[in-house]
There are 2 protein chains.
Amino acid sequence: MSPAQRHPTMADVAERAGVSASTVSRTLRGYASVSAEVRERVERAARELNFAISRQAASLVTGKTGVVAVLVPILNSWFVGSALEGLGPVLRAAGLELVVYYVPDMAARADFFERLPARRNADALLVFSFDLTEEESARLDDLQMPVIYVSQHAEGRASVYVDDVAGALGGTRHLLNLGHRRIGFLRAIGVSGFTFSSNERLTGYRQALTEAGVPLDDDLVVGAVLGQDRTVVEAVGRLLSLQQPPTALFVEQDELAVAVLSTLRTSGFDVPERLSVLGFDDHDIARWAGLSTIAQSPTDIGRAAGELACALIETPDADRERHIVLPTHLIPRASTAPLMPPSATPEESRGAASDGRGTASGA
Amino acid sequence: MSPAQRHPTMADVAERAGVSASTVSRTLRGYASVSAEVRERVERAARELNFAISRQAASLVTGKTGVVAVLVPILNSWFVGSALEGLGPVLRAAGLELVVYYVPDMAARADFFERLPARRNADALLVFSFDLTEEESARLDDLQMPVIYVSQHAEGRASVYVDDVAGALGGTRHLLNLGHRRIGFLRAIGVSGFTFSSNERLTGYRQALTEAGVPLDDDLVVGAVLGQDRTVVEAVGRLLSLQQPPTALFVEQDELAVAVLSTLRTSGFDVPERLSVLGFDDHDIARWAGLSTIAQSPTDIGRAAGELACALIETPDADRERHIVLPTHLIPRASTAPLMPPSATPEESRGAASDGRGTASGA
DNA sequence: CTGAAAGCGCTAACAC
DNA sequence: GTGTTAGCGCTTTCAG
């Protein structure tokens, strides 16, 4: 067979450049100890032969795979997609490749933890938004590589996440500052096995109410399942039919908040006139929907996770329990407004809870 | 150092099981020629040692990397995300890993085609939605591995895509069947370097009009840039201010169509009463927005691409110019309606072109 | 500054 | 059925 059938090896490049394979290796890896003249010859030979190094062979001897693996429960998602986009450039800059373990269901998950294919085939593992069992985490612990938990705080392990408590605190304060006192909270009832920072956000909400002297009322905290519109309708209905219905609603996730907006719009219930709605995430659809929200940046999270991964790969004896906590910020849009509608006298705005009567409007 | 510090190798497993490394290799790869008793011992030893095979070492000798690479311009995207979700299970079933080359800009792109990191490090490459130059395609041609173009027809190369012409034809017929005769078409002016099947969809639109005897009118074909709402507003404005404005609008992409809906809603222009709007894709937001659309399934595309990749990897002498064309189907929702509003007499619905006056309605 | 030699962990002939 | 042997294509001592 002609040599074109087979990938050229370093030996081929070496022969063409009239040097040894070692020299080719040193040259291609940028060692300073190679003379300019030899470097020139080697680089030309490599180019002419279309030589590409085999990571496999290299990693066999170095022990490094040149790969960072991510474990994700979903790929068609704003959060994961954005995080991977943040991660990508970091890895490229470090000369690392990205392998994706897509584990959408329990069967795939069991298989992953059973075989742990990342072992020996990656230099670090990023775990996205999984609510792992202690046993699963333990399996990852003896993977002999840095494992970084993304978008969740993992006790005793490296992790990158946003400050959900502070975010929810700030969001709730925003509603309080607008004069609202009856503030509902809509939780996302997640698919089990995944984590959505639900508890932290609820904590921040409660903390803000407490520091403002507003009594907590469990009736104001309801839940709905993302994607099941019926549960959204029910949850909203439950809130609005309370003796003292809320005048503002903090929804744990933008996607859910948008479903709320759509439900309210359908029933002719004006936002923000009769109910202010605040989301969390700054998902793309929040902008579409004009939803006020607490923004987090998944891209930043991905980038930070990538940088942490690189750092931990480089210094194997580094602090493997480092936590990187990213900030959030409020983005006020059209879905939140001061308690009293402009048609009422603004001076009253610190008055008692409204009974929810705003401007009536037909479809 | 204790052996726990280092990954166990096949030799370790072999020693523990009291057999040779070859036997371990054969056992772990499921060769039938291994006796039940030995298989048992080997598997136990492997489990006890937490042995994981090194792909690197294996691929060094087999020449197969066990990796399928994808080249994507974006990751935070409904299409790419869904396609990867379709691809994932196929690869897992075949024991292949997924590596992602995320190439968001021209610099990264130049670098990718310069170094071609996939060379020697993957068994197949899936190219997503890139509008490659002939030179770039040629580079991929001599990659010595199957290259599959996803979501585009690549002449003389393997590809997987939906039938955009037929889809747009069907969509336009839907509008024609509803009685519309003045039908606008909104093109997505893409970021250059990416492909969005724009021309094919326009072709289908024209074909449907022609076969229905409706004269083509270039004034009805306008363009807008996704993400730049100003361009959407302008395009829609241009259409509506025509002497004979359209009564229906076919928008090349759902995301753009949703921007159109939002523009129209803002200006109090009722959909579908005064303008029917039809999208293309069946993007998640189409459901949110109640947008009628021509559905394609990126998941199916990803799955088909994965299966094609596996097939081409298995049979190196297979037909490397295979095209897989997937169907689309119409999903009617609330954004398209018969030409005449219900308030008019239904019998008139086949009458002359309306001048666009529907039910007047304040906000 | 460069070359020779050894070996990373595995698989594929080939013996037995 | 199972063991032995010889590399796969690199990097890394170690000489010089």
Side-chain angles (χ1 to χ4, degrees), chain A residues 1 3 5-43 45-46 49-67 95 117 119-123 144, chain B residues 1 3 5-43 45-46 49-67 95 117 119-123 144:
Chain A
M1 302 306 157
Q5 290 301 62
R6 173 186 133 284
H7 288 293
T9 74
M10 274 197 179
D12 298 324
V13 178
E15 185 184 348
R16 184 171 247 260
V19 295
S20 75
S22 324
T23 299
V24 174
S25 173
R26 287 191 273 251
T27 306
L28 265 29
R29 279 178 304 149
Y31 276 43
S33 66
V34 179
S35 74
E37 190 245 351
V38 167
R39 146 153 286 125
E40 165 65 25
R41 287 207 324 265
V42 169
E43 280 171 348
L49 290 177
N50 252 324
F51 173 77
I53 202 168
S54 160
R55 266 173 202 279
Q56 345 291 328
S59 69
L60 195 54
V61 26
T62 60
K64 309 256 122 222
T65 61
V67 163
R119 187 194 298 266
R120 260 153 133 1
N121 296 299
D123 296 339
Q144 316 250 32
Chain B
M1 308 305 161
Q5 290 301 60
R6 173 187 131 282
H7 288 292
T9 72
M10 274 196 180
D12 298 324
V13 177
E15 186 184 348
R16 183 171 246 261
V19 295
S20 74
S22 323
T23 299
V24 174
S25 172
R26 287 189 275 250
T27 305
L28 265 30
R29 281 180 301 151
Y31 276 44
S33 67
V34 179
S35 75
E37 189 246 351
V38 167
R39 146 154 284 127
E40 166 65 25
R41 285 204 331 260
V42 169
E43 280 172 348
L49 290 177
N50 253 326
F51 172 77
I53 202 168
S54 161
R55 267 174 203 279
Q56 345 291 329
S59 70
L60 195 53
V61 28
T62 60
K64 308 256 119 220
T65 61
V67 163
R119 187 195 299 266
R120 260 154 133 1
N121 296 300
D123 297 339
Q144 317 249 34

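In the text below, chain A, chain B and the rest are named by the order of the sequence lines, each starting its count at 1.
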*asked:* Using modelled atom types and a 3.5 Å cut-off, is there a donor and acceptor pairing between side-chain atoms of B:D12 and backbone atoms of B:M10?
replied: no
*Less than 4.5 Å apart, any side-chain heavy atom of A:V19 and any of A:V38?*
yes
*Is A:R120 touching bases, backbone alone, or none of the nucleic acid, heavy atoms closer than 4.0 Å?*
sugar-phosphate
*For atom OH of B:Y31 and atom P of C:dC10, their distance in whole Å*: 15 Å
*Listed in order of residue number, which residues of residues 55-65 of chain A have a non-hydrogen atom at under 4.0 Å from DNA chain D?*
A:A57, A:A58, A:L60, A:V61, A:T62
*Can you tell me how far C1' of D:dG1 sits from CZ of B:R39, to the nearest Å?*
12 Å
*Could you walk me through whether A:S25 and A:S22 pass side chain to side chain donor-acceptor pair (under 3.5 Å), step by step?*
CA-CA 5 Å; A:S25 173; A:S22 324; over 6 Å; no
*Above 12 or not: heavy atoms from other molecules or residues under 6.0 Å from CD of A:E43?*
yes
*Please report, rounded to the nearest Å, how far the P atom of D:dG1 is from the CD atom of B:E37.*
13 Å
*Distance from A:I53 atom CD1 to B:R119 atom CZ, nearest 0.5 Å?*
13.0 Å
_If you assign B:R26 and B:A52 each to the DNA chain C nucleotide with the nearest heavy atom, which residue ends up on the more 5' nucleotide?_
B:A52
*asked:* Roughly what angle, to 10°, lies between the helix axis at the start of the helix from C:dC1-D:dG16 to C:dC16-D:dG1 and the one at its end, five pairs per end?
replied: 30°
*A:E40 has an atom CD; how far is it from atom P of C:dT2, in whole Å?*
13 Å
_Whole angstrom value for the distance that separates C1' of D:dG3 from CD of B:E15_ = 16 Å
*Specify the separation, in whole Å, of atom CG of B:D12 and atom P of C:dC8.*
12 Å
*What are the two closest non-hydrogen atoms of B:A14 and B:A21, and how far apart are they?*
CB-N, 3.7 Å
_Applying the side-chain contact (heavy atoms from CB on, under 4.5 Å) criterion to A:V24, which one of A:T9, A:V13, A:V34 satisfies it?_
A:V13
*Which nucleotide in the set D:dT2, C:dG3, C:dC10 lies at the smallest distance from any side-chain heavy atom of A:S20?*
C:dG3
*asked:* At less than 4.0 Å, is any side-chain N or O atom of B:S25 found next to OP1 or OP2 of C:dT11? Yes or no.
replied: yes
*For the side chain of A:Q56 and the backbone of B:K64, is there at least one donor-acceptor N/O pair under 3.5 Å apart?*
no
*With sugar-phosphate meaning primed atoms plus P, OP1 and OP2, does B:S35 contact a base, only sugar-phosphate, or nothing at under 4.0 Å between heavy atoms?*
sugar-phosphate
*Side chain of B:R120, backbone of A:H7: donor and acceptor closer than 3.5 Å?*
no
*May I ask you to verify if any side-chain N or O of A:S22 is less than 4.0 angstrom from the OP1 or OP2 atom of C:dG3?*
no
